[in-house]
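Remember, it's 1-based here, ligands and their atoms both numbered in the order they're listed.
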Amino acid sequence: MASRRRNFAAVAAVLLSIIAVCKGDLKSGASYVFGDSLVDSGNNNYLPTLSKADIRPNGIDFKASGGEPTGRFTNGRTIADISGELLGQRRYAPPFLAPNTSGSVLLDGVNYASGGGGILNATGKLFVNRLGMDIQVDYFNITRKQLDDLLGKAKAKEFLTKKSIFSITIGSNDFLNNYLLPVVSAGTRVAESPDNFINDLISNLKNQLTRLYTLDARKFVVANVGPIGCIPYQKTINNVAEDECVSLPNQLARQYNGQLRDLLAELNDNLPGAKFCLANVYDLVYELINNYEHYGFKTASKACCGNGGNYAGIVPCGPTSSMCDDRSDYVFWDPYHPSEASNLILAKYIVDGDTKYISPINLRQLLALDD
Ligand SMILES: *[C@@H]1O[C@H](CO)[C@@H](O)[C@H](O)[C@H]1NC(C)=O
Ligand SMILES: *[C@@H]1O[C@H](CO)[C@@H](O)[C@H](O)[C@H]1NC(C)=O
Ligand SMILES: *[C@@H]1O[C@H](CO)[C@@H](O)[C@H](O)[C@H]1NC(C)=O
């Protein structure tokens with residue numbers, strides 16, 4: 001009886017959502033989020049992996065969980081969470097791998113991102129398990145069919161092409177946890193020039209974005225790779241001064257970012273009806289680091305949560321790490337990831353900023369296109 005009542009409630013919820021979509025009530029749209037630990041909302045909780053954030057004190061400032069860890073690799077909300085909130089979306093896109101991400105929930109967006117994941121399948125092998133971009137697109141293909149079942153083919157297509165934003169934040173791990181690894185990939189680095197490696201990334205990403213297009217994605221926002229030579233981990237292992245960054249990782253990121261800009265311009269020209277926006281995370285994070293005091297931070301070099309070296313940059317954040325007193329004083333939450341305070345600034349620029357940081361149009365304009 002109870003279970004029949006639950007089924008009825010579930011069916012009613014699906015029907016109400018369908019009615020909302022058909023009436024065009026979902027003005028705020030839905031976000032389908034792809035990427036790595038910068039935007040993972042908990043997929044790795046369901047994987048046997050060494051890349052985990054479902055341990056304290058991660059999530060300590062995440063209001064929706066009362067400060068309990070959720071699998072997000074930061075103290076609070078990710079850039080994806082905050083962007084969705086600024087656009088008026090009804091909930092944070094839930095992890096694809098969560099068993100209750102099903103039925104009408106899919107209409108509010110889904111998160112496929114995975115800590116340790118990269119553009120290349122091999123990236124993140126050292127974590128044993130993670131979802132790379134190819135697999136994330138395979139998973140979206142599963143959601144795609146479920147949306148057809150939920151809405152009918154015509155409505156599903158309209159919902160995806162008009163009301164849905166596809167956000168892709170990927171590439172850092174291809175450099176950090178593949179190309180730049182001293183031991184594991186020494187062979188790769190000797191065998192493959194930076195030019196070839198970056199060409200390989202761009203051609204794989206082109207294929208992944210084109211696959212999403214064939215599945216009716218039209219409104220894309222693709223983040224470039226941040227200044228990975230400035231993260232506490234790189235600064236610690238390379239032992240650079242407080243106001244310095246490590247040059248090779250930043251150089252590789254800039255080279256990749258230049259080619260990414262060209263790729264998105266090419267896709268904008270060649271894929272009819274698609275709009276690809278470039279989120280210039282590199283310049284944004286660089287600006288935060290360079291002018292951290294202007295943005296209200298006290299340090300842009302030390303991790304709030306972590307251990308090791310001058311910048312707490314070796315041991316990832318966990319129950320035995322030291323943690324700073326005021327999280328909002330820190331640009332970096334842990335050796336790799338920005339704090340929620342940073343994410344708030346980044347998301348505001350991406351949603352409502354100008355072409356310096358988000359081009360050719362911002363996320364709010366992207367969502368409103370041919371509405
Ligand atoms: C799924 O279940 C989890 C754990 O009970 C809960 O926190 C979350 O809000 C649920 N997600 C959705 C989309 O209902
Ligand atoms: C990566 O793995 C996926 C799924 O296993 C596979 O379909 C794809 O061809 C692989 N990509 C490359 C470049 O090897
Ligand atoms: C989606 O899945 C179907 C099979 O279920 C397959 O034929 C199709 O090629 C897939 N599309 C993409 C873009 O992977």
Centroid-centroid under 6.0 Å between Tyr357 and Tyr349 rings | yes
Around [atom], find the nearest protein heavy atom and jot down its residue, atom name and distance.
| atom | value |
| --- | --- |
| atom 1 (C) of ligand 1 | Asn100 ND2, 1.5 Å |
| atom 14 (O) of ligand 3 | Arg211 NH2, 3.0 Å |
| atom 11 (N) of ligand 3 | Asn141 ND2, 2.9 Å |

Classify the ring geometry of [X] against [Y]: parallel below 30°, tilted from 30° to 60°, perpendicular beyond 60°.
| X | Y | result |
| --- | --- | --- |
| Tyr32 | Phe166 | parallel |
| Phe220 | Phe276 | parallel |
| Tyr179 | Phe197 | parallel |

Any protein heavy atom sitting closer than 4.0 Å to atom 5 (O) of ligand 1?
->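 No, no protein heavy atom sits under 4.0 Å from atom 5 (O) of ligand 1.
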With atoms numbered from 1 as shown, which atoms in ligand 3 lie under 4.0 angstrom from a non-hydrogen atom of Lys145?
-> 1 (C), 2 (O), 3 (C), 5 (O)
Atom indices of ligand 3 within 4.0 angstrom of Thr214 heavy atoms, with elements = 13 (C)
Provide the number and element of each atom of ligand 1 under 4.0 Å from a heavy atom of Arg91.
->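 With Arg91 as reference, the close atoms of ligand 1 come out as 13 (C).
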Crowding at CZ, Arg211 (>12 non-hydrogen neighbours, <6.0 Å) = yes
Do the side-chain sulfurs (SG) of Cys324 and Cys304 come closer than 2.5 Å?
-> yes
